[in-house]
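Reviewing the structure listed below.
It should be emphasised that the depicted structure is a prediction, and the values quoted were computed from it without experimental measurement.
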Amino acid sequence: MPRAVDHEQRRFEIVAGLWQVVAEQGIEGVSLRTVAARAGVSMGRVQHYFGTKDALVIAGIDLLVKRAVIEYEATAVRPPQDRLLHILLQQIPATDAGRIGVTVWYAYVAKAMTHPAVRAILAEATRVGVEECTRHIEEADGLEEAEARACAIELLALSDGLTVRVLIGDITAEEAEASIRAYTSRRMQSPE
């Protein structure tokens, strides 16, 4: 009897190989051959599941976003301020795996300048992030939607900037996290 094949697991293994290539060489280093080698599978298997390099690249960012959403959804029972902090801290590269994930994310940000499908996925993920942060700020601080949205954009920009500084080694992940926690606490407590 033939054994059952877990197609989702196989797709994930290939995408994980893609992420490793992107983290090490950027998206320009991606080919079906390099990803197959990194994933430890045949090039035919990569072609079977993704067809083209472009389809594989798009699947990579799509899965990266979906995994972030799953992690966020696991916080559903926590208070609004904790959920807000999760969003703001999620991208800070505090572990080796986190550093790879954020490096891959920023490679896709660069790719979005010339790739409309990647840009659309990132724009939607960012839009949802702003909406979720806005909602949590409204719930935690009682701000009106427009003010809460402005605060959300400000906090996300702070998180983005600190993430880049951690990536380049200017500050530690611990310093970035402490800064976000302190700023969020002050911002949420002070009427402006």
**Message:** Could you check whether any side-chain N or O of Thr134 sits under 3.5 Å from a backbone N or O of Val130, counting only pairs where one atom can act as donor and the other as acceptor?
**Reply:** yes

**Asked** Between the side chain of Arg38 and the main-chain N/O of Gly17, is any donor-acceptor distance below 3.5 Å?
**Response** no

**Request:** Give, for atom CD of Gln25 and atom OG of Ser31, the distance between the pair rounded to the nearest 0.5 Å.
**Result:** 8.5 Å

**Asked** Just by distance, do the side chain of Lys111 and the backbone of Ile27 share a donor-acceptor pair under 3.5 Å?
**Response** no

**Item:** Trp19 side-chain N/O to Gly101 backbone N/O, donor-acceptor pair under 3.5 Å
**Value:** no

**Asked** For Ile87 and His136, what are the C-alpha separation, side-chain angles and deciding distance, and is it a side chain to side chain contact (heavy atoms under 4.5 Å, CB included)?
**Response** CA-CA 10 Å; Ile87 294 169; His136 297 316; 4.1 Å; yes

**Request:** Determine, stepwise, if the pair Gln90 / Tyr72 fulfils side chain to side chain donor-acceptor pair (under 3.5 Å).
**Result:** CA-CA 9 Å; Gln90 186 175 35; Tyr72 168 68; over 6 Å; no

**Complete:** Nearest heavy-atom approach of Leu162 to Ala176 is CD1-O, 3.8 Å

**Prompt:** Within a reach of under 6.0 Å around CG of Asp6, are more than 12 heavy atoms found that belong to other residues, nucleotides or ligands?
**Reply:** yes

**Prompt:** Between Ile121 and Val118, is a side chain to side chain contact (heavy atoms under 4.5 Å, CB included) present by the stated rule, with each step listed?
**Reply:** CA-CA 5 Å; Ile121 292 167; Val118 170; 5.8 Å; no

**Message:** Rounded to the nearest 0.5 Å, what separates atom CD1 in Ile14 from atom CG in Leu63?
**Reply:** 12.0 Å

**Fill in**
Heavy-atom nearest pair, Arg119 first then Thr114, reads NH1-N, 4.2 Å

**Asked** Crowded around Arg78 CZ? As in, over 12 foreign heavy atoms under 6.0 Å?
**Response** yes

**Prompt:** Is the shortest heavy-atom distance from the side chain of Val15 to the side chain of Phe50 under 4.5 Å?
**Reply:** yes

**Asked** Is there a donor-acceptor pair closer than 3.5 Å between any side-chain N or O of Ser159 and the backbone N or O of Leu155?
**Response** no

**Message:** Quick one, Gln91 with Asp160, criterion side chain to side chain donor-acceptor pair (under 3.5 Å). Give me CA distance, side-chain angles, the key distance, then yes/no.
**Reply:** CA-CA 8 Å; Gln91 69 177 344; Asp160 288 341; 2.8 Å; yes

**Flag side-chain contact, heavy atom, 4.5 Å: Glu154 against Tyr183** = yes

**Prompt:** Should Val128 and Ile58 be counted in the same cluster of Ile, Leu, Val, Met, Phe, Trp and Tyr side chains packed under 4.5 Å apart?
**Reply:** no

**Prompt:** Is the shortest heavy-atom distance from the side chain of Thr103 to the side chain of Glu24 under 4.5 Å?
**Reply:** no

**Item:** Spacing of OG belonging to Ser179 relative to CD belonging to Glu177, to within rounding of 0.5 Å
**Value:** 10.5 Å

**Prompt:** Quick one: CG on Asp82 to CG on Leu85, what's the gap to the nearest 0.5 Å?
**Reply:** 6.5 Å

**Asked** Can the positive tip of Arg10 be found less than 6.0 Å from the middle of the six-membered ring of Tyr49, inside 45° of the ring normal?
**Response** no

**Request:** Let me see the working for Thr163 and Tyr106 under side chain to side chain contact (heavy atoms under 4.5 Å, CB included), right down to the final yes or no.
**Result:** CA-CA 10 Å; Thr163 297; Tyr106 279 103; 3.7 Å; yes

**Complete:** Checking Leu32, Thr34, Val35 against Met43 for side-chain contact (heavy atoms from CB on, under 4.5 Å), the one that qualifies is Leu32

**Message:** Using every non-hydrogen atom in the two residues, find where Trp105 and Ala125 come nearest and quote the distance to one decimal.
**Reply:** CH2-CB, 4.3 Å

**Message:** Using side chain to side chain donor-acceptor pair (under 3.5 Å), reason through Thr75 and Arg83 one step at a time and then give a plain yes or no.
**Reply:** CA-CA 6 Å; Thr75 70; Arg83 297 191 79 202; 3.0 Å; yes

**Request:** Tell me, with the steps shown, if Glu138 and Arg135 meet salt bridge (Lys or Arg N to Asp or Glu O under 4.0 Å).
**Result:** CA-CA 5 Å; Glu138 286 177 299; Arg135 185 169 58 86; over 6 Å; no

**Message:** Using only atom types and a distance under 3.5 Å, with no angle test, would you say the side chain of Ser42 pairs donor to acceptor with the backbone of Ala36?
**Reply:** no

**Prompt:** Going by atom types only, do Gln9 and Glu13 share a side-chain donor-acceptor pair under 3.5 Å?
**Reply:** yes

**Complete:** Distance col, row Met113:CE vs Leu122:CG, nearest 0.5 angstrom, shows 8.0 Å

**Prompt:** Within the distance-only criterion (no hydrogens, no angle test), does the side chain of Glu175 pair as donor or acceptor with the backbone N or O of Thr172 below 3.5 angstrom?
**Reply:** yes

**Request:** Indicate yes or no: at least one non-hydrogen side-chain atom of Val30 is less than 4.5 angstrom from one of Lys53.
**Result:** yes

**Prompt:** What are the two closest non-hydrogen atoms of Ala94 and Ala173, and how far apart are they?
**Reply:** CA-CB, 3.7 Å

**Request:** Identify the two heavy atoms, one from Leu167 and one from Pro93, that lie closest to each other, and give their separation to 0.1 Å.
**Result:** CD2-CG, 4.0 Å

**Item:** Check ion pair Glu131-Arg127 (N to O, under 4.0 angstrom)
**Value:** yes

**Fill in**
CD of Glu73 to NE2 of His86, rounded to nearest 0.5 Å, is 10.0 Å

**Message:** Which heavy atom of Ile100 sits nearest to which heavy atom of Ala23, and what is that distance?
**Reply:** CG2-CB, 3.9 Å

**Request:** May I ask you to check whether over 12 heavy atoms, not counting those of Glu145, lie within 6.0 Å of atom CD?
**Result:** no

**Item:** From CA spacing to verdict: side chain to side chain contact (heavy atoms under 4.5 Å, CB included), Asp54, His115
**Value:** CA-CA 10 Å; Asp54 195 56; His115 197 290; 2.5 Å; yes

